Structure formats: structure tokens, C-alpha cells
K.L.:
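Below you'll find the structure I mean.
In what follows, every chain begins at residue 1, and chains take the letters A, B, ... in the order their sequences are listed. Please read these numbers as outputs of a predicted model, since none were measured by experiment.
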Amino acid sequence: MKRTYLITYFVWVLLALSVAAESGRLGFGTFGRPGPGFLPFLAGICLAVLAGAGMIQTILKKSDTEAGSGFRAADILRIGLVAAVLFVYVFLWDVLGFLASTFLLLLFLFRCVEPLRWRTVFVASGLTLAFTYILFSVLLGARLPAGRLWTYFIS
Amino acid sequence: MDLFHQLISGFAVAFQPVNLFYCFLGCLIGTLVGVLPGLGPTAAMALLLPATFHVPPVTAIIMLAGIYYGAMYGGSTTSILVNIPGEAASVMTCLDGYQMARQGRAGAALGMSAFASFIAGTFGLVGLTLLAPPLALFALKFGPPEYFSLMCMGMVVLSFLTGESMIHSLMMACFGIILGTVGMDTVSGSTRFTFGLTELMDGVGLVPLVMGLFGISEIILNLEQNVDREVFKTRVKGLLPTLGDWAQAKWALVRGTLIGFFLGILPGGGAVLSSFVAYAVEKRVSKHPERFGTGVIEGVASPEAANNSAAQSAFIPLLTLGLPANVVMALLLGALILHGVTPGPLLLTKNPDIFWGVVASMYLGNAMLLVLNLPLIGLWVQLLRIPYPYLMPAIVLFCIVGSYSVANSITDVYLMLGFGVVGYLMKKLKFDSPPLVLAFVLGPLIEYYFKSALMFSRGSFAVFFTRPISLVCLIITAAIFLSSIIASLRKRSLRLVPKEP
């Protein structure tokens, strides 16, 4: 975990310094009239200092007993797959529309993440989709995307 | 108008059919998310925030508050029957509650938990009713320097109390402030950290942030953990605790209530911390501490009283100072602002219907929850039997559609998924989310008060040190910093001392 933490702190330092640099571009203003970059600059510097302190603390630590449960390759693969599917799903909203893409997503989640029988998968997906659609679209009035593909066919 | 009449006017608001309905709905949803592990009250409130846009602010806050304190009640059911806390504040209830259930006393444990929650919750409300008006009056003396120092103190106290590492918590607070500055600066009109995206001009949304950090990240984390749960097969009976149980638990209940009430007011205190402290205190003062963890009724009464009392008293700083004591209150603050209501000392005079309506609804909500949690316990037990694989896809979908429906924006959904992944990594690496969310909500306010104070003093930082209230807050902040550094150094020096063979 020591290496993981060192990489993490390094990423934080980079992020914090980027924020501070961008804040400088925005302008600090004066103490009497602080500009838009004033607070983000201070927060960025504080973040960089804290991440630096964390880095030093990790380096000084002799044993590799840092808190954290570690990452297993199999878990990363599974989680990475689910996260990628979720991003692709949202991307597909624009093309396939909410109903079709959500049905596909639910099939994936019910079947691949926690394998269930196909019949159960279809029934559970249909019911979940219907419930969500009624709740958000019919009752709460959310404008869920219809999908360019279907609009193209209809027109 | 005196306190009694104000409270009566609050009841008049709370008894309006629409408010009564939303109060019941909030309590019902709160109990549901409390019972079902996987979606805590914070994520549930964020999920339902968009649904409240169509109703008046008082109705919205009544429902959202109901979800919060309802979850405190519901969480204990899962702790007692499954040995898995339904939400974080019920962790301590597992220890003795589950053991009582194993000994065939699930009914008594559930009953004591519900009654302790009701009594402590009502006490917390009485405290809120009595303390809030004078505190709001006192808060009228606060100017920008006081608010700035108070907010800094709140964030540091929260960072100190919540996380395992003060450095991690403070880093999260800084990151939260940075995220809070994304979008258009209201003073200069210049855009900050938007990467040219027009969708980010209004800033990062609270709902995608909270839903990602608390909803999606939890689901991702559960993918690598087995969340199989075994519910008690025996029928739950005898929900009324015996006289012996009451005699045994009465002081635990009183102590838990008081501890919860005072810790709930403190920034960073809240329901989770108070239940831990109450259990520890109870064990310390008990004549038979060795029996704790084996199924003693005090071990159920004390943490349950503490978390419910804290859930109510946490409203005091929010409604009187406009300062959230924990992440749930930060979300409520965000909800109030989204509804165009400015929380703070003027809320009591400018919007008394909101203030007293919410307070009165909480009295009603507590009574509703007692009914929901005792006679309907069988229903919750049945719900607990729904396997997690059936729930997970529905929760994912609710989070996605919920964050989209706030502004019908796909960018918000991408942001939420991004925050979900970041939240998962944060959980794995022990970076806490609550300081981030609190700082995110307070960030724009901190910036406003900081700039106002400096403009008022013509650039002199002395303004923060010459005003007594501000100075006291800054001294407390510095003391917490120092104590944290000293504790860390002491821990390190102890580790360096070689162990004797």
C-alpha cells in the first residue's frame, strides 16, 4: 500500500499545483479587494502542502502497514468493466434513448454482475424499467431522452 | 408571539394535508433506506431532492428531514435482525441487539430501540424548540468575520472527528472548497475551472456529487464484497419491553439522549459519533461492562437514544446559524438554498412558517415512526429478505436517472459516475467524503464571508482576531490543529520505542 499512497499523494500534489497555477491566471486581486483566483489559490496551496506532508509521512513510515484494504486485480477488472458499461450506457442515451439502453443495462447488471437465470433477468429488468420510467417520467415529469435512432425512424 | 404560539403556528403548517403526506413519505422512505443496506440517508436525500422542486420549500424540507431521522429508526432493525448496520449510526446497535435476537429476544430489542428512538428524538426536539430562538437572536450579532471563522472551525472539527487521518480529511476539505469554486464567480463574473463547458457555468451540482460519492461508490465497493445476509427465521414477537428491561435501560436511555443531544449540535458530531460515544460511556459506567456485547438491553437503548437525539439537535446550528453540523445537514442547507431560502438567524423572523413548520413536523414524524417501526415490523423483515442482486441494479438506475432529472443534463450523469469512481478510490484509500461535501457546500459561503470581511477591513486580516467571537472560533480551530499534531507525534514516538523482549 505504501507505493499506492505515494502515487496518490503525488497525483494530489499535481492537481493542487494545477489549481494554484490556474487561480493565478484568474487573478488574486488585492487583500482589500480579493479576485476570483484568491480562494482557490489558497485552497490549492493548502492541498499541495497537506499532500506533501502525507507523502513525507508515508516515506518516513518504516513498515508497510498503512490503512486501506488494497486492490485485487480481479476486483479492479470487474469494477472497471461495470464503470465502463455505465459510461457507455449514458453515452447510448443519445442514440438508443432511455428505454432501450436502460433495458440493455439492466440485462447486463442482472445477468453479469450477480448471475441470475435468464427468465428472472428479463422479468426483473422489465419491472425495474417500468417502475423507474413511471416514477421519474410520468410522476416527476423528467424529460428522459427518446433517442435519435427512433426519432429518425419515426420521422 | 411567544414560543407556545409559534409552535402552534408550526403545527398548523405541519398538519396541512400536503405536509402531513410528505412527512409520512419522508419517514417511510427513511425507514426503508435505513432498513436496506446499500443506500444511506445522504444518497437517498440527494436522490429525492429533484422530486421536491415542485413543492413549496417547507414541504420539501419536511420530507428530506423525515428521510434523515427515519433512517435512524430503520437502521436499527437491520442491525438487530441481520447483524449488518442499515446505516452508519446503527453500527453499535449490532453488538448487543443481534445477540439479544439470537437469544430469542429480538422483539424486546426492536421495541426498546423504537421507544428509545422516540423518547430521545422527542427530547431532542424539545431542546431544539427551546434553544433555537435565543441562539438565532444571538447569531444576529455575527458579521462576515464571525461566520468565516465559525465555518473554518466547523470544517476543522469535522475533519478532526470523522476521519482516521486528519491530513486526509483536511485534504478533502480543501478539495471540496476547490470544487465549490467551479463555475461563474458571482462578484467578478469570470468563469473558473469550467474547461470551456457551458454546463459547468453554474458549478458542479450537489446532487451528482453526493449521489456519486455516497451512492455509486458504495455500489462499486459492494461489487468486491459479498453482501449475502441471513435474516432471522423466527417470528418476531413481544415488541413491548418488560418492566425489568425498562428498569435496566432507563439511565442508559437518559445518558444516551444527553450525549446525543450535545454531540449533535457540535460540528462533525452527528448521529454516528454520538452512538459510538454513548455506547463507550455506557460500558464505562456499567457495573458489569464484561456483559456488553453479549446482549444487554442498555447496549441497544443507549446508542439508539444517542443517534436519534443527535439527529434532531443537529438541526439547531443549521436552522439558527445556517451552519451544517454534518454532511446530511449540508445537503439540507443545499436544498434550502436551491429552494431560494436563506438559512441563518433571519430564517426565524423572515420564514417562521418554514422554521416552525419543520420543527412541528418532526414531532409528528417521530410519532409516525413509532407506528411504522413497531406494528409494521413484519413488513420490514420481509423487505430484508430481498436479495441484494435484485436491489443493486435498481439503486444504480435510480442514482443515474435521479441525477439526470435535476436539470435534464447528461453532463450531470457523467459527473456523478466520475464522482462514483473517485468516491470508491477514496473509500479504498481511507479518504473521507463528509469533509469534502461539507466544504463543497460551505465553500461559496466561506468565499463570500472571507471577501466581505477583507473588504470591510480594507485588507486587514486583524478583523478576524479583534472580534471576540471570531477570535474564540479561531483559537478553538488552532487548538484542534495542535492537539492533532501532538497526538500524531506521540503516536510516532511510541512506535519508535523498541518493544521489550
Side-chain angles (χ1 to χ4, degrees), chain A residues 4-5 8 12 15-16 19 22-23 26-27 30-40 43-44 46-47 50-51 53-54 57 67-72 75 78-79 82-83 86-87 89-90 93-94 98 102 105-106 109-110 113-114 116 124-125 128-129 131-132 136 140-145, chain B residues 50-51 54 164-165 167-168 170-171 174-175 177-178 181 185 187-190 192-193 216 219-220 223-224 387-390 392-394 396-398 400-402 404-405 408 410 413-414 417 420-421 424-425 428-431 439 443 446-447 450-451 454-455 457-461 488 492 495:
Chain A
T4 315
Y5 270 97
T8 309
W12 278 118
L15 178 85
V19 168
E22 173 66 9
S23 306
L26 288 165
T30 58
F31 286 141
R33 203 168 181 79
F38 195 83
L39 189 77
C46 285
L47 182 58
L50 286 164
Q57 209 178 41
S69 48
F71 297 92
R72 284 183 304 179
D75 288 335
R78 196 172 179 213
I79 288 160
V82 173
L86 289 177
F87 276 101
Y89 158 67
V90 180
W93 272 19
D94 193 33
F98 172 78
T102 302
L105 172 82
L106 289 170
L109 291 175
F110 279 121
V113 178
E114 296 283 351
L116 299 170
S125 301
T128 312
L129 178 60
F131 181 70
T132 313
F136 284 96
L140 297 176
R143 278 181 288 133
L144 298 168
Chain B
H54 312 287
E164 283 180 32
S165 157
I167 289 183
H168 285 189
L170 288 174
M171 280 172 70
C174 290
F175 185 48
I177 289 179
I178 293 167
T181 61
D185 176 34
V187 179
S188 65
S190 50
R192 300 184 286 192
F193 312 111
I216 294 288
I219 287 159
I220 298 177
L223 286 176
E224 62 178 59
Y388 185 72
Y390 288 90
M392 189 274 281
V396 172
L397 195 58
F398 277 23
I400 290 175
V401 184
Y404 172 81
S405 62
N408 291 329
I410 290 187
V413 184
Y414 281 124
L417 292 176
V421 175
Y424 162 74
L425 293 173
K428 293 290 284 183
L429 295 164
K430 305 282 171 193
F431 285 88
I446 286 181
E447 185 172 29
F450 184 60
K451 282 181 175 176
L454 282 179
M455 281 194 228
S457 68
R458 291 185 187 151
S460 167
F461 281 87
S488 165
R492 192 171 155 68
R495 219 183 287 143

K.L.:
Just give me the residue among A:Thr4, A:Val90, A:Asp94 that pairs up with chain B most often, heavy atom to heavy atom, under 4.5 Å.
P.N.:
A:Val90

K.L.:
Looking at every non-hydrogen atom in both residues, tell me the closest pair between A:Pro36 and B:Glu447 and how far apart they are.
P.N.:
O-OE2, 4.2 Å

K.L.:
For atom CZ of B:Phe461, decide whether the heavy atoms of other residues, nucleotides or ligands shown that lie under 6.0 angstrom number more than 12.
P.N.:
yes

K.L.:
Under 4.5 Å heavy-atom distance to chain B, tell me which part of A:Thr30 shows up: side chain, backbone, both or neither.
P.N.:
neither

K.L.:
Heavy-atom distances under 4.5 Å only: say whether B:Val401 touches chain A with side chain, backbone, both or neither.
P.N.:
both

K.L.:
With chain A as the partner, which of B:Val421, B:Ile216, B:Ile400, B:Leu425 has the greatest number of non-hydrogen pairs under 4.5 Å?
P.N.:
B:Ile400

K.L.:
When the ring planes of A:Phe31 and A:Phe38 are compared, do they come out parallel, tilted or perpendicular, using 30° and 60° as the limits?
P.N.:
perpendicular

K.L.:
May I ask you to check whether A:Phe136 and B:Tyr404 place their ring centres under 6.0 Å from each other?
P.N.:
no

K.L.:
For the atom pair CZ (B:Phe193) and CD (A:Glu22), what is the distance rounded to the nearest 0.5 Å?
P.N.:
5.5 Å

K.L.:
Looking at A:Leu109, A:Thr102, A:Leu129, which hits side-chain contact (heavy atoms from CB on, under 4.5 Å) with B:Pro393?
P.N.:
A:Leu109

K.L.:
Under 4.5 Å from any heavy atom of chain A, what part of B:Ile177 do you find: side chain, backbone, both or neither?
P.N.:
side chain

K.L.:
Can you tell which part of B:Arg192 gets under 4.5 Å to a heavy atom of chain A, answering side chain, backbone, both or neither?
P.N.:
both

K.L.:
Can you say whether A:Ala83 sits under 4.5 Å from chain B via the side chain, the backbone, both, or neither, judging by heavy atoms?
P.N.:
side chain

K.L.:
Looking only at non-hydrogen atoms, find the nearest pair between A:Gly54 and B:Ile167 and report the distance.
P.N.:
N-CD1, 4.1 Å

K.L.:
Under 4.5 Å heavy-atom distance to chain B, tell me which part of A:Leu15 shows up: side chain, backbone, both or neither.
P.N.:
side chain

K.L.:
Has the side chain of B:Ser460 got a donor or acceptor atom that lies under 3.5 Å from a matching backbone atom of B:Ser457?
P.N.:
no

K.L.:
Please look at B:Phe450 and chain A and tell me whether the side chain, the backbone, both or neither of the residue comes under 4.5 angstrom of a heavy atom of that chain.
P.N.:
side chain

K.L.:
Looking at A:Leu47, A:Thr8, A:Leu105, which makes the most heavy-atom pairs under 4.5 Å with chain B?
P.N.:
A:Leu47

K.L.:
Heavy-atom distance under 4.5 Å to chain B: side chain of A:Leu26, backbone, both or neither?
P.N.:
side chain

K.L.:
Which value, rounded to the nearest 0.5 Å, describes the distance between B:Leu429 atom CG and B:His168 atom NE2?
P.N.:
7.5 Å

K.L.:
Taking side chain as everything from C-beta outward and backbone as N, CA, C, O, which of these in A:Ser125 sits under 4.5 Å from a heavy atom of chain B? Side chain, backbone, both or neither.
P.N.:
neither

K.L.:
Once rounded to the nearest 0.5 Å, what's the spacing between atom CZ of A:Arg143 and atom OG of B:Ser405?
P.N.:
11.5 Å

K.L.:
What part of A:Val19 gets closer than 4.5 Å to chain B, counting heavy atoms only: side chain, backbone, both or neither?
P.N.:
both

K.L.:
Relative to chain B, which segment of A:Leu106 carries a heavy atom at a distance below 4.5 Å: side chain, backbone, both, or neither?
P.N.:
side chain

K.L.:
Mind ranking A:Ala51, A:Ala53, A:Ala124 by heavy-atom pairs under 4.5 Å with chain B and telling me who comes out on top?
P.N.:
A:Ala51

K.L.:
Under a 4.5 Å cutoff for heavy-atom pairs, which residue among B:Thr181, B:Leu397, B:Asp185 has the most contacts with chain A?
P.N.:
B:Leu397

